[in-house]
**Q** 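First the structure, then my questions, so here it is.
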Amino acid sequence: MLTSIVILTLNNLDQTMRCLHSIRVFTNSPYELIFVDNGSTDGTTAWLAQQPDVKLIANGANRGFAAACNQGAAASGGDHILLLNNDTIVSHNWLTVLLQCLHADERVGIVGPKSNFVLPLQKIPADVGSEGQYHLFAQSYNRHNPALWQDLAALSGFCMLLRRSTWERLGGFDEAFGVGGYEDIDLGYRTLKAGLFLRLAGDAFVYHEGNRSFNSNAIDMYGVAAINRRLFIRKWGFNPERLILVHDPAFLPDRYASPHPHHAPQAPEVPSGWYGMGEDGCVYRIERGHKRPIHAYDTFCRFNLSYDRVGRCGSELLAGLPTGHPLDAGSFPHGYPDVFVARDPGGGLYSVCHGIRYPIESEAAMVAIGLRPEDAIPLGYELIWSFGDGWPLRGNVWENFELHDYVLYRGPNGGLYYSEGQRLRPLVWEETLARFGWNKDRAVFIAPELFHRAPVGFPLH
């Protein structure tokens with residue numbers, strides 16, 4: 001079976017020559033080479049045109065990563081498509097091991113390797129400071145070992161293998177992502193939504209220098225990424241860091257969690273993110289269908305709680321919920337809420353959401369999203385930095401951030417809504433507020449553009 005290796009170029013001829021040489025030397029599975037040049041001016045196009053084993057598509061200008069990859073895939077004839085950056089070096093058995101991973105299960109949609117410069121969950125430390133060290137490392141590392149495979153919710157596009165049938169089923173990259181950034185995360189998420197798995201071949205390692213084209217061609221990588229991240233949020237309704245930085249099994253096929261941005265709610269379940277008191281006088285936090293008992297009064301105080309925030313829902317509702325992991329300020333991070341505001345020793349504020357910290361750089365952004373400085377839980381720098389590092393909250397948070405979980409909002413129509421799982425749950429009666437410990441005076445006006453595009457969940461009675 002033939003693998004079509006699609007490589008984009010934009011100058012950096014030395015890198016392209018090094019990458020191509022490594023493919024020729026270390027690839028022992030049938031392949032063809034498709035190069036798409038996006039307007040190089042350093043002789044790259046002329047050099048590639050002289051290579052007898054290269055099929056070249058020469059664009060006169062930079063069409064962007066997504067469009068150029070789609071061009072290359074359309075011109076290829078292999079049973080598999082492998083997208084590869086030109087600032088990579090491959091080594092022993094690299095393609096063979098990736099193909100073994102792909103074909104182990106027909107429900108594997110995309111396979112990617114481990115690397116030194118890649119998304120956090122694909123990265124491993126390795127002594128690959130020189131090309132010789134890399135090949136020596138890969139000689140023993142790149143060996144078939146299914147015990148090292150792992151299913152993830154995102155794979156980097158720097159090296160991405162999939163069946164042609166999968167590529168055509170998904171329609172390739174979304175060209176709206178332009179120059180580059182998040183088109184690989186978007187493709188991966190569409191793969192998950194199609195019921196296919198993203199599999200990390202932990203038994204394969206490909207060296208990646210990283211960001212060479214952006215840096216050498218004076219492209220504002222951060223600015224481009226910010227634009228494309230907003231595009232992802234607008235398209236899917238949640239922050240892409242949820243896929244990239246943490247391992248959330250609920251994104252994987254055949255898994256379900258509620259409330260969750262990947263899943264439409266199946267029933268009008270008890271909301272999450274509020275506090276209630278049981279018959280025994282114990283205060284519980286309700287999260288995803290479980291009641292989490294507060295370990296001690298010290299934790300109650302350290303989490304800046306007050307009894308006016310404890311709902312009068314009736315002990316019957318709480319009695320029907322299974323007991324979850326206790327809230328305990330001395331047990332980090334498992335003893336902390338899934339969503340909370342944190343304050344570092346220097347006064348810096350963070351929104352911590354589902355294992356990811358988002359620095360709050362603007363008071364206006366904090367107020368707009370419905371957070372309050374007085375609710376912040378103090379944490380040391382080391383503890384805060386142990387969370388994945390998300391994008392800062394600043395500017396127009398309605399464009400740069402997902403709908404914040406567990407906030408009471410007032411819509412443009414004057415109605416009250418509770419945010420949960422990236423959905424707005426309307427409150428049917430004002431008595432519902434006391435039931436769950438919510439205060440309508442804390443309701444935050446939600447921007448009309450977000451209100452009209454946010455899905456509506458089951459009403460709360």
**Q** Looking at Asp151 and Arg255, is there a salt bridge between them, counting it only when a charged N and a carboxylate O are closer than 4.0 Å?
**A** no
**Q** Run Asn400 and Trp391 through side-chain hydrogen bond (donor to acceptor under 3.5 Å, both in side chains) and show every step you take.
**A** CA-CA 9 Å; Asn400 299 326; Trp391 281 63; over 6 Å; no
**Q** In this structure, is the centre-to-centre distance between the rings of Tyr418 and Trp438 below 6.0 Å?
**A**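 Ring centroids of Trp438 and Tyr418 are less than 6.0 Å from each other.
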**Q** Just jot down the ring-ring contact (aromatic ring centres under 6.0 Å, His included) partners of His247, sequence neighbours excluded, or say none.
**A**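 Applying ring-ring contact (aromatic ring centres under 6.0 Å, His included) to His247 gives none.
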**Q** What's the verdict on ring pair (Phe, Tyr, Trp, His ring centres under 6.0 Å) for Tyr350 and Tyr358, showing C-alpha distance, side-chain angles and the deciding distance?
**A** CA-CA 5 Å; Tyr350 306 81; Tyr358 296 91; over 10 Å; no
**Q** For His325, check side-chain contact (heavy atoms from CB on, under 4.5 Å) against everything at least two apart and list the hits.
**A**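 Testing His325 for side-chain contact (heavy atoms from CB on, under 4.5 Å), a comparison that skips the adjacent residues, returns Arg292, Ser331, His334.
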**Q** Which residues pass the ring-ring contact (aromatic ring centres under 6.0 Å, His included) test with Tyr381, not counting sequence neighbours?
**A**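 Result, ring-ring contact (aromatic ring centres under 6.0 Å, His included) vs Tyr381: Trp385.
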**Q** Can the ring centroids of Trp167 and Phe173 be said to lie less than 6.0 angstrom from one another?
**A**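 Yes: the rings meet the under 6.0 Å criterion.
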**Q** Step by step, would you call Trp274 with Tyr284 a ring pair (Phe, Tyr, Trp, His ring centres under 6.0 Å)?
**A** CA-CA 8 Å; Trp274 57 281; Tyr284 297 87; over 10 Å; no
**Q** List the residues meeting ring-ring contact (aromatic ring centres under 6.0 Å, His included) with Phe251, not counting sequence neighbours, and say none if there are none.
**A**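 Per chain and number, Phe251 pairs via ring-ring contact (aromatic ring centres under 6.0 Å, His included) with Phe238, His260, His262.
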**Q** Could I get the full list of ring-ring contact (aromatic ring centres under 6.0 Å, His included) partners for Phe303, not counting sequence neighbours?
**A** Tyr336
**Q** Mind checking what makes side-chain contact (heavy atoms from CB on, under 4.5 Å) contact with Ala74, not counting sequence neighbours?
**A** none
**Q** State which residues pass salt bridge (Lys or Arg N to Asp or Glu O under 4.0 Å) with Arg163; sequence neighbours excluded, sorted by chain then number.
**A**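 With neighbours one apart ignored, the set is empty.
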**Q** By the salt bridge (Lys or Arg N to Asp or Glu O under 4.0 Å) test, which pairs, at least two apart or in different chains, include something from residues 317-336?
**A**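 Counting only pairs at least two positions apart or across chains, no salt bridge (Lys or Arg N to Asp or Glu O under 4.0 Å) contact touches residues 317-336.
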**Q** Of all residues at least two apart in sequence or in a different chain, which pass the salt bridge (Lys or Arg N to Asp or Glu O under 4.0 Å) check with Glu361?
**A**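 So Glu361 forms a salt bridge (Lys or Arg N to Asp or Glu O under 4.0 Å) with Arg394.
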**Q** Just how far is it from atom CG of Leu162 to atom CG of Leu198, taken to the nearest 0.5 Å?
**A** 10.5 Å
**Q** According to salt bridge (Lys or Arg N to Asp or Glu O under 4.0 Å), does anything in residues 225-240 pair up with another residue at least two apart or in another chain? List the pairs.
**A** Asp174-Lys235, Asp186-Lys235, Arg229-Glu241, Arg234-Glu399
**Q** Using side-chain contact (heavy atoms from CB on, under 4.5 Å) as the criterion, list what pairs up with Met277, not counting sequence neighbours.
**A**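 Partners of Met277 by the side-chain contact (heavy atoms from CB on, under 4.5 Å) criterion, ordered by chain and then number, come out as Val283, Tyr307, Val310.
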**Q** Taking side-chain contact (heavy atoms from CB on, under 4.5 Å) as the definition, give me every residue that meets it alongside Asn116, ordered by chain and number, with sequence neighbours left out.
**A** Val128, Phe205, Tyr207, His208
**Q** Can we say Arg285 and Asp338 salt-bridge, meaning some charged N sits less than 4.0 Å from an Asp/Glu carboxylate O?
**A**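 Salt bridge between Arg285 and Asp338, a charged N being under 4.0 Å from a carboxylate O: yes.
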**Q** So, do Phe451 and Tyr417 have ring centers that fall under 6.0 Å from each other?
**A**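 Centroid distance Phe451-Tyr417: below 6.0 Å, so yes.
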